[in-house]
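Step one of this worksheet: look at the structure below.
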Amino acid sequence: MPERVHKYLDGGSKPMKSATTRDIEVTTDRLSGSKKRKREDVDDNLSVRPRSNAPSSGSLASVEGLSKGFKPTNLTSAKGYEPQHQLTNGSTTKQSLPKSRLSPNSLANQSVQSPLKARANALWPLRKALPVWSRASEIRQGLRIKDIMLLVGETGSGKSTQVPQILAGEPWCKSRPVTLENAKQTVNVGGCIAITEPRRVAAITLARRVAEEMGTPLGASSPASRVGYSVRFDNSTSPCTKIKFLTEGMLLQEMLLDPWLKQYSAVIVDEVHERGVNVDLVLGFMRNIAAGRLEGRGGIPLKVAVMSATAEMERLGSFFEEGYVPSSNGVDPEENESDVSESEWSGISSSDEEHGTADSKGKHINGKQAEKSCAHVATCHIEGRQFPVTINYTPEPVQDFVDAALRTTFKIHYQEPMPGDILVFLTGQETVESLESLVNEYALGMSRDVPKMLVLPLFAALPQAAQQRVFQPAPPRTRKIILATNIAETSVTVSGVRFIIDCGKAKIKQFRTRIGLDSLLVKPISKSAAIQRKGRAGREAPGQCYRLYTEQSYLDLEPRNTPEILRSDLSHAILTMKARGVDDIINFPFLDHPPREALEKALMQLFQLGALTDTGTISEIGQQMAKLPLTVSLGRVLIAAAEPELDCVSEVIDIISCLSVENIFLNLTSEEKKEEAQSARRELYRREGDHLTLLMTVQAYAAENADRKAWAERHFVSHRAMQAVMDVRKQLRAQCQQSKSLKGEKPRQITPELATSLLKCFLKGFATNSARLMPDGSYKTIVGNQTVAIHPSSGLFGKKVEAIMYNEFVFTTKSYARGVSTVQMDWIGGALGI
DNA sequence: GAGCACTGC
């Protein structure tokens, strides 16, 4: 480890690069391509609509009437709203509800009722009944006085849809002209609320729902729209967007253009408990902005609401309290002249006191003076609405969970009355498929008077049509048995489930810093994941959960999932930070600080790629890399492709597009099909290796103008994956055209010279991913001297060549290289500079 | 002769 790497860690201390000299309007269109395109995962089949099978109870009659004329569907996204069963819970909100400034009633009264307004009016009673509305006043007052609020809202509280609407009418939520310290010109700050979501479907479905509730058209469809969303490949916002749902990655991308997020008055960070790398970065940036002097915002504070399903109030609270510098110029006093009744509101909620963290800060809240210099974080706990789920444990530890799941499935099926589908959580495709065949086999022996079983696998790699089967209602007298991976834990919600079988395990990806290798391991889940899985049975009615482990094993589980930032390669995260002005990585406010070794490794890699200078600051190459929606290595390759002696941007984009999506070649099970596929793909195969084979495939697919789907089927290529490839390709081409590294080139013949250029180009990003042939026929890595085998999915499997370069190094049954091409030793030497 | 949970720009 060179000494300078240590300097990166400790050196430099500017917390945030000043953006006062830059005044760049935030538009994501430029980056992601402005053409809106509907994708299959967000079409109307997947959109959130009131379910037609909402259980009825006395008070619900009118509610059911409201949903007439709307397409029912069984599928809601993980972030679906839950008003239907909220109402069936029988509880009514007794206390008087605050009037919303955005109440569609008032909007509608101003003009003739349009269908949109009528729909919004119809939704209003459902909204008012959500638990979050009983806290609306508390939420408003909290953020009037403080800049940061923590909201713990359990499933079914309605927080994701309602909190933005509750805040949108606040006096601080408007655009104001300010003159920045170092700039002469006046700029507008604020006016819009951002809500970040971890997944694209969630951002889109929530935006749709909120637009509906507010009675405004969605996004770019009309200038009258007040609600929009922004996700990769799909930006639907207009200049008057007031509430904008976006993925965490999109907000980070916007910060590249404007670190001060000037268009926003508030950022709501939703689903923080999921703890992906991006949300941790967003939280760190939010704390930096909130704790700073706000010079880039003309002193106007950015309100931050952090929403989580689990009560990690103490940690999040102290995270935002630490390093908070009270700003003298932070608040326009006029804005806070409000009807705040101190008696009805306290900065520290009772739930915090239960956790023993309410400290002296909370006691001084008596007026604005005290509050500004003491506690800066308001908290609010919103109860959820879930039906009870009873838990069953096994008396003894289970050896074979597939076998145990099989027995439990039949036990439930025989003992429990219909209706009530069963959702089984398993670890992966392999266990799903083996249980599938076992259940089907045993089901043949069932007597005729027992209801039938319909076994449905569900995992991400399953083709879209097969996934959809899970959401179709079962035939009469049939119980659905859904065998799912983790996809059903957060990403997808299936209605009708009353029984959960939880094997207690999941596949977790773990990056091993020392050897720079990803492992995918089956590990016990955390307590919170177990609770999440259990909760999937209680969304519509009381349910039951069968845990295939003992109660003691449950008690021994880790309380939370390990945050992703503690178990992944940090090179991309660090580049993200450096490009947004964070020079001092070690002192960045991480909610969980990654190990120093992992930071050093990532800094080393960035330095070797030329993204950082030897003083640890970001280089011009690094800045360019940070703009690209690619891993750091692939980003480096794309930049190298524009060098005059390599000159292969167009082709590199084609290859990179494949490498950044799932496998484009279908996995075939039968020998027969495999042989058939091999001959069908022969015309695509290149002996240089997988990189060139991918290029051939993309070029052939792109050249097919008649029927690409048929082409894909003929070649045993995944059409879904190829559509994703074309999306990425289009985005990268647009970006490279904008940066002038790509001019409308036509596809070229792939000559040996071009092939050499391409492989040399990839070595600029992957020189450390190379290995040479040993006398015994095995391969050993050039850096680290570890044994590595060519993965059987590679076209070079079983071949012996002088040296190889690979895209990925993974450990499954042994260490494998995937995405492999042949290279020459002297090219590697050149690229490594040795 | 292997087999890959899930996101995201």
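Proteins come first, then strands; the chains are lettered A, B, ... in the order of their sequence lines, and each starts at number 1.
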Candidates [options] - which lies nearest the side chain of [X]:
X: A:Lys507; options: B:dA2, B:dC9, B:dA5; value: B:dA5
X: A:Thr485; options: B:dC9, B:dT7, B:dC6; value: B:dC6
X: A:Pro629; options: B:dC4, B:dG1, B:dC9; value: B:dC9
X: A:Arg200; options: B:dC6, B:dG8, B:dG1; value: B:dG8
X: A:Met250; options: B:dC9, B:dT7, B:dC4; value: B:dC9

So what does [X] hit on the nucleic acid, given a heavy-atom distance under 4.0 Å: a base, only sugar-phosphate, or nothing?
X: A:Ile487; answer: sugar-phosphate
X: A:Gly428; answer: sugar-phosphate
X: A:Ala460; answer: sugar-phosphate
X: A:Gln429; answer: sugar-phosphate
X: A:Leu252; answer: nothing
X: A:Arg275; answer: nothing
X: A:Leu630; answer: base

Contact under 4.0 Å: A:Thr247 side-chain N or O vs B:dT7 OP1/OP2: no
Among side-chain atoms of [X] and [Y], is any donor-acceptor pair under 3.5 angstrom?
X: A:Tyr549; Y: A:Lys505; result: no
X: A:Asp234; Y: A:Tyr229; result: yes
X: A:Thr562; Y: A:Arg275; result: no

If I take atom [atom1] in residue [X] and atom [atom2] in nucleotide [N], what distance separates them, rounded to the nearest angstrom?
X: A:Lys509; N: B:dC6; atom1: NZ; atom2: P; answer: 11 Å
X: A:Arg733; N: B:dC9; atom1: CZ; atom2: P; answer: 22 Å
X: A:Asn486; N: B:dC4; atom1: CG; atom2: C1'; answer: 13 Å
X: A:Phe401; N: B:dA5; atom1: CZ; atom2: C1'; answer: 12 Å
X: A:Tyr806; N: B:dA2; atom1: OH; atom2: P; answer: 19 Å
X: A:Glu662; N: B:dG8; atom1: CD; atom2: P; answer: 12 Å
X: A:Ile204; N: B:dT7; atom1: CD1; atom2: C1'; answer: 14 Å
X: A:His273; N: B:dC6; atom1: NE2; atom2: C1'; answer: 14 Å

Donor-acceptor pair, side chain of A:Arg533 and main chain of A:Arg547, under 3.5 angstrom: no
Side chain A:Arg580, main chain A:Met255, donor-acceptor under 3.5 Å: no
5'-most by nearest nucleotide on DNA chain B - A:Thr427 or A:Leu628: A:Thr427
Contact nearer the 5' end of DNA chain B, comparing A:Glu248 with A:Phe459: A:Phe459
Residue list, ring pair (Phe, Tyr, Trp, His ring centres under 6.0 Å) with A:Phe590, at least two apart or on another chain: A:Phe588, A:His593
